[in-house]
Amino acid sequence: MSFDTASAVAARRADLLLTGGTVMTPNGAERIDVACANGRIVALGDLRLDWSAESTLDITGLHVLPGVIDSQVHFREPGLTHKEDLESGTRGAVLGGVTSVFEMPNTHPLTLWQADLQAKLDAARGRAWCDYAFYIGGSAVNAEQLDSLENLPGCAGVKVFMGSSFGDLLADEDEVLRRILRHGRRRLAVHAEDEARLRERKALVEASGDVRQHHHWRDVKSALRATQRIIGLAAETGRRLHVLHVTTADEIALLAQHKRRVTVEVTPHHLTMHAPDCYERLGSFAQMNPPVREKHHQDALWQAIRDGVVDVIGSDHAPHTREEKARPYPQSPSGMTGVQTLLPLLLDHVNAGRLSLQRLVDLTSAGPARIFGIEGKGRIALGFDADLTLVDLAAQRCIRNDWIASRSGWTPYDGMAITGWPIHTVVRGQVVVRDEELQGTPRGQTSRFLEAPVLA
Ligand code: DOR
């Protein structure tokens, strides 16, 4: 039987007790036990003598991270469920150590209205393995309604595509962007590629049919110009921004000067792969928007992590089937799976000395919770949701396509050796992955948000 939180504390009785691990708390790494009851963290410390539990997990040798929050995934439901759905997408998430996701609005239909959001919330109930929230797409047709839409329960915020990518969502004109920015207070998430420039340059790849031209078509200027425009418009309208999947050294230099209002996401793809090598090896399977670029851009993204310019690492999990990806470029759709490999790749980067574990926690748990105002998540502390990602930093594994839960069934990292791996995943006190195996039934819930403060 599960106690309510106060009775559990009074009786020193937990639903789940994790003993012997190294726990990443706001104090750093601590050798403490964690007691969970009623979905929350109810005690931290040396608990073995005083506490009893319904279930105890000896996690000696493992590190406990606050549950990983992936604030950019495309799970394709409704409308494109041959690529992914909410069950398979969230299953991949928890197998990869992710406990919450924010899902993107470029589904069929697009997520533009309350009814679209409600349809996703209804579809997720009883089928999602982790917690979730959904972005509303910002466009000319719903701009004036966004201030009420963004506050609906289960809404992660508003997402704008300034350049067309996959699907029909687009807001590329300054006047439309102004209308969107003026209607709402939450941080606006933006895909920053300049549509006019993409259109001008599309002939380049249509003529060559060569995927090695992808990052020349969608070039540095396309990204920089859009990022400059949206930063200017956000300053004019007094709005906060979140620039998704930043890819260029040039944007990083600009964004570093606007940290008061603007937060920054990078993806593991852009931190791990680079051009031209990725296109030589993977062809259109390495094709994504904004593109994977040359090594000096990747180096700038790592430097931006060290400098504190990057706030969040999100996967931009964007599955397409192998058949779709194998179409001749540029008919091949952009996007790759990523939710399940986000944490393994980052743990491997930790082992290679590129990232500290403390910084990883900041970028994948505390960062998303802070910038999106997620209630009760992102930290291992009393009263917070018992969302926990337990990892073995020394485990050696190989990423394989057959490990990938996505309906699309592939990863660009097939065959890659990794050091560091998620072993158990706990969502609000439920062990949903134990010893790398899925457990029980989907119990994901809608994430809750704090009210957005007014920007002074
Ligand atoms: O490569 C991408 N694929 N970038 C996006 O912005 C959209 C995504 C998708 O939905 O496939």
Side-chain angles (χ1 to χ4, degrees), residues 70-86 88-89 92 101-112 120 134-135 137-139 158-172 188-195 198 202 205 211 214-215 217-219 222-223 226-227 230 242-248 251 265-273 275 278-279 282-293 314-327 329-339 341-342 406-408 410-412:
D70 188 345
S71 47
Q72 191 185 177
V73 300
H74 301 262
F75 283 168
R76 310 301 194 198
E77 184 173 346
L80 299 159
T81 50
H82 65 288
K83 298 175 195 275
E84 195 69 288
D85 64 31
L86 289 164
S88 58
V101 292
F102 292 178
E103 204 269 341
M104 284 293 170
N106 58 338
T107 43
H108 283 307
L110 300 173
T111 320
L112 293 175
K120 285 192 171 179
F134 299 99
Y135 288 97
S139 95
V158 174
K159 153 82 181 280
V160 162
F161 282 89
M162 292 176 72
S164 36
S165 184
F166 177 74
D168 299 329
L169 199 56
L170 185 64
D172 58 334
L188 183 78
V190 183
H191 177 126
E193 289 185 286
D194 188 88
E195 179 67 11
L198 297 182
K202 179 95 193 256
V205 288
V211 71
H214 191 60
H215 63 296
W217 164 32
R218 307 179 81 106
D219 67 348
S222 310
T227 300
I230 198 70
H242 182 55
V243 184
L244 297 159
H245 41 41
V246 171
T247 55
T248 66
E251 288 165 285
E265 179 201 69
V266 299
T267 80
H269 298 317
H270 297 106
L271 291 169
T272 308
M273 292 190 266
C278 63
Y279 302 113
L282 299 166
S284 53
F285 285 73
Q287 175 195 337
M288 70 175 296
N289 302 329
V292 179
R293 303 190 190 280
S315 74
D316 191 12
H317 175 83
H320 301 282
T321 65
R322 290 186 227 225
E323 294 71 28
E324 291 163 338
K325 289 294 280 180
R327 283 181 199 146
Y329 178 81
Q331 282 89 49
S332 44
S334 294
M336 316 175 219
T337 59
V339 69
T341 46
L342 168 103
S406 171
R407 296 194 79 139
S408 68
W410 67 277
T411 164

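Here, residue 1 is the first one in the sequence, and each next residue gets the next number. Reckoned from all heavy atoms, side chains included, excluding hydrogens, waters and symmetry mates. Order of appearance sets the numbers: ligands from 1, and atoms from 1 within every ligand.
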Query raised in the report: Listed by chain and number, what are the ring-ring contact (aromatic ring centres under 6.0 Å, His included) partners of His320, not counting sequence neighbours?
Result: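 Partners of His320 by the ring-ring contact (aromatic ring centres under 6.0 Å, His included) criterion, ordered by chain and then number, come out as Phe166.
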Query raised in the report: Could a heavy atom of Met104 be found less than 4.0 Å from some atom of ligand 1?
Result: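 Met104 does not count as a contact of ligand 1 under the 4.0 Å cut-off.
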Which residue and non-hydrogen atom of the protein lie closest to [atom], and at what distance in Å?
| atom | answer |
| --- | --- |
| atom 1 (O) of ligand 1 | Asn289 N, 2.8 Å |
| atom 3 (N) of ligand 1 | Ser334 O, 2.9 Å |
| atom 5 (C) of ligand 1 | Ser165 OG, 3.0 Å |

Query raised in the report: Does a side-chain heavy-atom distance below 4.5 Å link Leu282 with Met273?
Result: yes
Report task. Taking the side chain as every heavy atom from C-beta outward, state whether Thr107 and Phe75 have any atom pair closer than 4.5 Å. Result -> no
Just by distance, no angles: are the side chains of [X] and [Y] close enough, under 3.5 Å, to form a donor-acceptor pair?
| X | Y | result |
| --- | --- | --- |
| Ser222 | Glu193 | no |
| Ser284 | Gln287 | no |
| Ser408 | Lys325 | no |
| Thr81 | Glu77 | no |

Query raised in the report: Can you find an N/O atom of Gln287 closer than 3.5 Å to an N/O atom of ligand 1?
Result: no
What atoms in ligand 1 come closer than 4.0 Å to a heavy atom of [X]?
| X | value |
| --- | --- |
| Met288 | 1 (O) |
| Asn106 | 9 (C), 10 (O) |
| His320 | 11 (O) |
| Phe161 | 6 (O) |

Which option, [options], owns the non-hydrogen atom nearest [atom]?
| atom | options | value |
| --- | --- | --- |
| atom 6 (O) of ligand 1 | His317, Glu193, His191 | His191 |
| atom 8 (C) of ligand 1 | Ala318, Ser164, Gly163, Gly167 | Ala318 |
| atom 11 (O) of ligand 1 | His245, Arg76, Arg218, His74 | Arg76 |

Query raised in the report: What residue among Asn289, Val205, Asp219 forms side-chain contact (heavy atoms from CB on, under 4.5 Å) with His214?
Result: Asn289
